[in-house]
Asks: 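This structure is in structure tokens; I'll ask about it shortly.
Every chain is numbered from 1, with letters handed out A, B, ... down the list of sequences.
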Amino acid sequence: MTRLVLSGNYAQSYAARLARVQVISAYPITPQTTIVEQLAKFVSSGELPAQFIKVESEHSALQVCVSAAALGARTYTATSSQGLLLMHELLHWASGMRTPIVMGVVSRSVGPPWSLDADHTDTMSQRDTGWVQIYPESNQEVLDSVLESFRLAEDLAIRLPVMVAEDAFYLSHTVEPVEVPSQAQVDAFLPPRVPKGTLVPGKATRLGSYVGPADYVRFRREQARAMERVPETLAAIEEDYGRRMGRTYGGLLQEYRTEGADAVLLTMGTASTTARAVVDELRAEGKRVGLARIRVFRPFPAKEVRALASRVDRLGVMDRSWTFGQMGSAATEVAAAIQSSPRQPRLSSFLAGVGGRDVGTALLREMFRDLLSKEPSGLRWMDMEPLKEAPLHG
Amino acid sequence: MAKLTLPPVELVRSGHSACPGCGPALAMRYLLKGTGERTVVSVPASCWTIIATGYPTTALRIPMIDTPIEATGASISGLRAALDALHMSDVQVVGFAGDGGTVDIGLQSLSGMLERRTDALYVMYDNEAYMNTGIQRSGSTPLGAWTTTTPVEGMARGKGEPKKDIMGIVLAHHPVYAATLNVAYPEDFLRKAQKAASLKGPRFFHVLAPCPPGWKFASDQTVQIGRLATDTGIFPLYEVENGKLRVTRKLGQLKPVRDYIKVQGRFGHLTDAEIDTVEHEVQASWAALLQREAHP
Amino acid sequence: MIEIRFHGRGGQGAVIAAELLAQAANLDGKTPQSFAFYGAERRGAPVVSYARIDDRPILLRTAITAPDIVVVLDPGLVEVAPVMDGLKPGGTLLVNSPLPPERFPTPKPAFVATLDATQIALSHGIGSRTMPIVNTTMLGALSRVSSVVSLSAVQHAIDEHVPARPAENGLAAIEGFHTVRVAELPGLPGGKAPAGPVAPALSSEVPEAPIASMASDVLHTSSWRTLQPVITREKCTRCNFCWKFCPDNAIDLDAEGFPVVRNEHCKGCGLCAVECPPVAIEMVVEGGA
């Protein structure tokens, strides 16, 4: 284990190198570029003996990974925003073919109007493509999640692609200390991929076949079942990772000071770190509030959310994206999860941090205040005042 | 008995779902006889998606991966990358895409594969329209041809634009080897497939694959019409190796294009004057081809 | 409500037949619905299409599994496709065949009607020998053997909706109306249809990914065929052109180099016959005529 000061993007690159990926393919897009630039260095220097296929589009990048993974290679790609949207068709191919690709996504807003900043519209619009989605909140967790993702994706009971989505700039271009495990530690945790369900030269097999309706739905059910196995499999993987590396992240839904809470705010990604600080402040002021971070959005932690709902009266969800006619993206899913709960907490939906709008402590305090004092009233667009000064970039 | 002019190995099985007299079925059969058992093929959405038969059967004796229609170039780059990474560099990688999947929606991916010098063979089997979806025009449909989206109705006279010059586009990328092939000339086809298999780097085949339902001719005429395509100069057979062009089927006097056009329902509306125009264009492009061969 | 199923071959106009029936029924003042499921059907392969006709709005959008009427556009399909499946007792089976109705016994009691629609269509110049277009002739016959549609409505629908040779198609429909023969049959002992071709068996569990590895040879594409090649061994020079140009790999060479047609896979395209230099192969009508 070595302590390095790394950006979230470099944490992705280092993890991919430690995972000994065999095929990388990518197309540049801000703010993903430093991930693939660093990987290009690793490959060129010989530190990472991988094939790096530089393609002419994100669509092709993911197709390269799908075809390479179909032959049994360990594959990695990374993208963001518009690039992820262009991949949309291939996202379905990757999961339908059960190719265990790991992809780093730098979560960024979607144009128009152009914006390069943090937002969850890109990844949320891909939530039903059959990929596991993990949303780390620190660069350390980015590195750890990428390594766990390869184990999860390649587990023979799972065989689903995984995206590790880090907030643009808040992680991608923020540097902070990261404990980088040794190659020996990672090799012990992550053995080479076992090729199963792959194409073998010389063997008459067709991957992707045309099927009739009766078989189509059965393949889809197998895919859904694999997704249902993710919570248990990931828990086992995390436990092993924790034993070897000394870090775990609490499964799909990570709770913080929720014991005895009157109100709990659910967050994703980097807003969670700041929200944790606000919880500490409010607790110190005698307010009984807590935090629950949705670490894994797909599969959605419905069971864990229901368990939380059974003991808290007020739930709030902060989202960086929303569903038209409904609430925030995660809030809508929380509402669906708790509808079968014996106790129905009051649910508030807060939209904040859209298009990179900063989510500061004051804003999070406002959410907790609303949560404790107001009645839920659908989606609340927070922080809508125009900026007093021109932004520093853009 | 006569010696076999093609290897007896059959890597395409019977029971496949091609229409009777299918040109693309012959194309895959001849191609794999040339590239051999250590071949992996990537097939985008196209007639061959269906020809290969539905789950749980497959019509190929080699591995095949399905891809979306526009992704063949990227797919074969991925297959090659994995084979190299997994130390199976002896395996031939073939992309087998239709004309629409190549000259229209797949052009970007093809260009990318050629530009990054992927060691693979990209085969475009050209039946000159979107046949799998029921005969809609593609960029590879010839001038004047009837399709369901270029009807002969009122003032409309079939497709109003000429066929896209895919070989010109491909050659601008300087592949190590590019050739035109025709299912009506299997020995020439085989020789080119074997030659391509012996080379490293990006390779491209433009295969003419006549389609009885799409071109509107009887299913027993596929080879006859294929031969006419070449012998009238409409689809000359040549190869380009390291930039040097060689015509592989020499023709003295070209047969009249009328012979080719008149036997296909898709051209049934063309007038003598319109056929004469085609004739002049074919003569000119044939002369230009011979010129390129003589003076590279 | 009357439910009708059409059996034809890809390219033969079965879907158009159902649509044309819907147009005609509409002209009769009824509510029609016609549909087909598009799959991997290719030219010559057995296909089905459907129609519902009612006096009231139709409230179903589902497949038809127990038709009142089955119309078979190609005589060869009775042998190779499950045309009798689900036909209601007392229903009607209408077959394009020169044979008498008694030659098509149904599992349950039914009215069986036949006419040589191929001959009628060809005499009016509709379609070709390998692919006669008999749908309009069959609709004319249908208007005779069932009250589901009137002949005049069929004629009007042809006038309005058949792009090529509407006059000839109209005459063919009238001839179909006049030549169809009907018999009331008692049903087969046991009430079961003869077993048809068996599709490859699927396991009850599918693998995780759609990976196919069963050899396609188990699929017998002979059902697509209307003509079959007959090789005269005495004329054969063993040049192997037929083997070389067979798109279906349906010709094997025996130990002496003579070609042998693999019957179950030949689709009857006729390429071998056209490409045979000594003209040793003849395409004959399937089943022998």
Asks: What would the table of donor-acceptor pairs between chain A and chain B look like if you include every N and O pair under 3.5 Å, whether backbone or side chain?
Replies:
{"residue": "Glu56(A)", "atom": "OE1", "partner": "Arg116(B)", "partner atom": "NH1", "Å": "2.8"}
{"residue": "Ser57(A)", "atom": "OG", "partner": "Gln108(B)", "partner atom": "NE2", "Å": "3.3"}
{"residue": "His59(A)", "atom": "NE2", "partner": "Glu70(B)", "partner atom": "OE2", "Å": "2.9"}
{"residue": "Ser67(A)", "atom": "OG", "partner": "Ser75(B)", "partner atom": "OG", "Å": "2.6"}
{"residue": "Thr205(A)", "atom": "O", "partner": "Met64(B)", "partner atom": "N", "Å": "2.9"}
{"residue": "Arg206(A)", "atom": "NE", "partner": "Asp66(B)", "partner atom": "OD1", "Å": "2.8"}
{"residue": "Arg206(A)", "atom": "NH1", "partner": "Thr49(B)", "partner atom": "O", "Å": "3.3"}
{"residue": "Arg206(A)", "atom": "NH1", "partner": "Thr53(B)", "partner atom": "O", "Å": "2.7"}
{"residue": "Arg206(A)", "atom": "NH2", "partner": "Thr49(B)", "partner atom": "O", "Å": "2.9"}
{"residue": "Arg206(A)", "atom": "NH2", "partner": "Asp66(B)", "partner atom": "OD2", "Å": "2.7"}
{"residue": "Leu207(A)", "atom": "N", "partner": "Met64(B)", "partner atom": "O", "Å": "2.9"}
{"residue": "Leu207(A)", "atom": "O", "partner": "Asp66(B)", "partner atom": "N", "Å": "3.0"}
{"residue": "Ser209(A)", "atom": "N", "partner": "Asp66(B)", "partner atom": "OD1", "Å": "3.4"}
{"residue": "Tyr210(A)", "atom": "O", "partner": "Tyr55(B)", "partner atom": "N", "Å": "2.6"}

Asks: Measure distances from Leu79(B) to the heavy atoms of chain A and classify the residue's part below 4.5 Å as side chain, backbone, both or neither.
Replies: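 Both the backbone and the side chain of Leu79(B) come within 4.5 Å of chain A.
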Asks: So which heavy atom on Pro201(A) is nearest to which on Met88(B), and how close?
Replies: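 Nearest heavy atoms, Pro201(A) then Met88(B): CG-SD, 3.8 Å.
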Asks: Taking the side chain from Asp155(A) and the backbone from Thr233(A), do they hold a donor-acceptor pair closer than 3.5 Å?
Replies: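 Side chain of Asp155(A) to backbone of Thr233(A), a donor-acceptor pair under 3.5 Å: no, none is there.
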Asks: Between Leu90(A) and chain B, with a heavy-atom cut-off of 4.5 Å, which part of the residue counts as in contact: side chain, backbone, both or neither?
Replies: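 For Leu90(A), side-chain heavy atoms alone lie under 4.5 Å from chain B.
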Asks: For Lys41(A), does its backbone N or O pair with a side-chain atom of Ser44(A) as donor and acceptor, under 3.5 Å?
Replies: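 Checking the backbone N and O of Lys41(A) against the side chain of Ser44(A), no donor-acceptor pair under 3.5 Å is found.
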Asks: Does any backbone or side-chain atom of Val23(A) lie under 4.5 Å from a heavy atom of chain B? Answer side chain, backbone, both or neither.
Replies: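 Just the side chain, heavy atoms under 4.5 Å.
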Asks: With a 4.5 angstrom heavy-atom cut-off, which part of Leu60(B) approaches chain A: side chain, backbone, both or neither?
Replies: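 Only the backbone of Leu60(B) comes within 4.5 Å of chain A.
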Asks: For Glu148(A) and Ile237(A), indicate whether the former's side chain and the latter's backbone hold a donor-acceptor pair under 3.5 Å.
Replies: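 Between the backbone of Ile237(A) and the side chain of Glu148(A) there is no qualifying donor-acceptor contact (under 3.5 Å).
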Asks: Mind listing the closest non-hydrogen atom pair of Ile134(A) and Ser149(A) along with its distance?
Replies: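 So the two residues come closest at CD1-OG, 3.6 Å.
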Asks: Name the member of Ala81(B), Ala59(B), Gly112(B) that forms the most heavy-atom pairs with chain A at distances under 4.5 Å.
Replies: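 When all of Ala81(B), Ala59(B), Gly112(B) are compared, Ala81(B) has the most.
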Asks: Would you say the side-chain atoms of Gln38(A) pair up with the backbone N or O of Ile35(A), donor to acceptor, closer than 3.5 Å?
Replies: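 A pair under 3.5 Å: no.
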Asks: Can you tell me if Arg298(A) uses its side chain to pair, donor with acceptor, with the backbone of Arg127(A) under 3.5 Å?
Replies: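 Yes; judged by distance alone, with no hydrogens or angles, the pair exists.
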Asks: Give the member of Ala82(B), Gly54(B), Pro68(B), Gly78(B) that has the highest number of heavy-atom pairs under 4.5 Å with chain A.
Replies: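 The answer is Pro68(B).
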Asks: Give a yes or no answer on whether the side chain of Arg229(A) reaches the backbone of Ala157(A) with a donor-acceptor pair at less than 3.5 Å.
Replies: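 Indeed, once roles are kept as given, a pair shorter than 3.5 Å links the two residues.
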Asks: Please classify the contact of Ile53(A) with chain B as side chain, backbone, both or neither, using a heavy-atom distance under 4.5 Å.
Replies: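 Only the side chain of Ile53(A) comes within 4.5 Å of chain B.
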Asks: Treating Gln32(A) as the side-chain partner and Ser80(A) as the backbone partner, does any N or O pair qualify as donor plus acceptor under 3.5 Å?
Replies: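 A pair under 3.5 Å: no.
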